[in-house]
Amino acid sequence: MSFRVEVFRLVARIPRGRVVTYGQIAALLGRPRAARAVGRALGRAPGDLPWHRVVNARGGISRRSRPSGMLTQRIRLEQEGVTLRRGRVVLGAHAWPGRGRLAARGGLGCDSH
DNA sequence: TGGTTGACGACAT
DNA sequence: CATGTCGCCAACC
């Protein structure tokens, strides 16, 4: 199984309203330092893959050769109920797997400035 | 075989 | 916080 396909299979499992970082995907696949390769793979992802649920380590939407997709990604995320603060996904509230909703309630003081 | 290319990430400035 | 640098990696040529 090529690395690319493994990435596709994993991304396909990300629940609606949740996001995962390139680095997490790489780590989950047993290659903690292949985050960059993950991004490269997503650039060739099938149209039905929920690629918009993948963001960078800071919760931001990474730049790409064709900027068009960036807007699409932001819109799709918002439509799923993913909250963005100053252009970034609040990872503490939507990161997957684990502790998304819990943090979203404010229990972990993510946005309690 | 060896070099290039990105939807990355950790750090230093 | 906003850049710039550098290391890393799979896929392609």
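First the proteins, then the strands, lettered A, B, ... as listed; each starts at 1.
- Among the heavy atoms of the strands, none lies under 4.0 Å from Arg44(A).
- Using a 4.0 Å heavy-atom cutoff across all strands shown, Arg66(A) reaches no nucleic acid atom at all.
- Phosphate proximity of dC12(C) to Arg4(A): present, with a side-chain N or O under 4.0 Å from OP1 or OP2.
- Between Ser2(A) and the phosphate of dA10(C), there is no side-chain N or O to OP1/OP2 separation shorter than 4.0 Å.
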Exercise for review: Begin from the C-alpha positions of Leu77(A) and Arg74(A) and carry the test side-chain contact (heavy atoms from CB on, under 4.5 Å) through to its verdict.
Suggested key: CA-CA 5 Å; Leu77(A) 285 175; Arg74(A) 200 195 79 205; 5.8 Å; no
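- Per the geometry, CD1 belonging to Ile61(A) stands 12 Å off P belonging to dC8(B), to the nearest Å.
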Point to revise | CA sep, side-chain torsions, deciding dist, call: His52(A), Thr72(A), side-chain contact (heavy atoms from CB on, under 4.5 Å) | key: CA-CA 8 Å; His52(A) 59 281; Thr72(A) 304; over 6 Å; no
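- Checking side-chain atoms of Gln73(A) against main-chain N and O of Val54(A) turns up a donor-acceptor pair under 3.5 Å.
- Rounding to whole angstrom units, CZ of residue Phe3(A) and C1' of dA11(C) are separated by 11 Å.
- Residue Arg33(A) places its side chain closer to dC8(C) than to any other of dC8(C), dA7(B), dA10(C).
- Between Glu80(A) and Arg76(A) there is no salt bridge, since none of the side-chain N atoms of the basic residue sits less than 4.0 Å from a carboxylate O of the acidic one.
- Put simply, CG on Leu10(A) is 16 Å from P on dA10(C), counting in whole angstrom units.
- The separation between Phe8(A) atom CZ and dA11(C) atom P is 10 Å, rounded to whole Å.
- Between Leu42(A) atom CG and dA10(C) atom C1' the separation is 13 Å, expressed in whole Å.
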Exercise for review: List the steps, then state whether side-chain contact (heavy atoms from CB on, under 4.5 Å) holds for Met70(A) with Arg64(A).
Suggested key: CA-CA 8 Å; Met70(A) 296 177 67; Arg64(A) 52 198 78 176; 3.9 Å; yes
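- Heavy atoms of Arg40(A) sit under 4.0 angstrom from at least one base atom.
- At distances below 3.5 Å, at least one donor-acceptor pair connects side-chain atoms of Arg44(A) with backbone N or O atoms of Arg40(A).
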If you restrict it to nitrogen or oxygen atoms, what contacts under 3.5 Å exist between nucleotides 9-11 of chain B and the protein, and what is each distance?
residue: dG9(B); atom: OP1; partner: Gly23(A); partner atom: N; Å: 3.0
residue: dG9(B); atom: OP1; partner: Ala57(A); partner atom: N; Å: 3.4
residue: dG9(B); atom: OP2; partner: Ala57(A); partner atom: N; Å: 2.8

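- Judged purely by atom type and a 3.5 angstrom limit, Arg31(A) uses its side chain to pair as donor or acceptor with the backbone of Leu29(A).
- Rounded to an integer number of Å, the gap from Leu29(A) CG to dC8(C) C1' is 16 Å.
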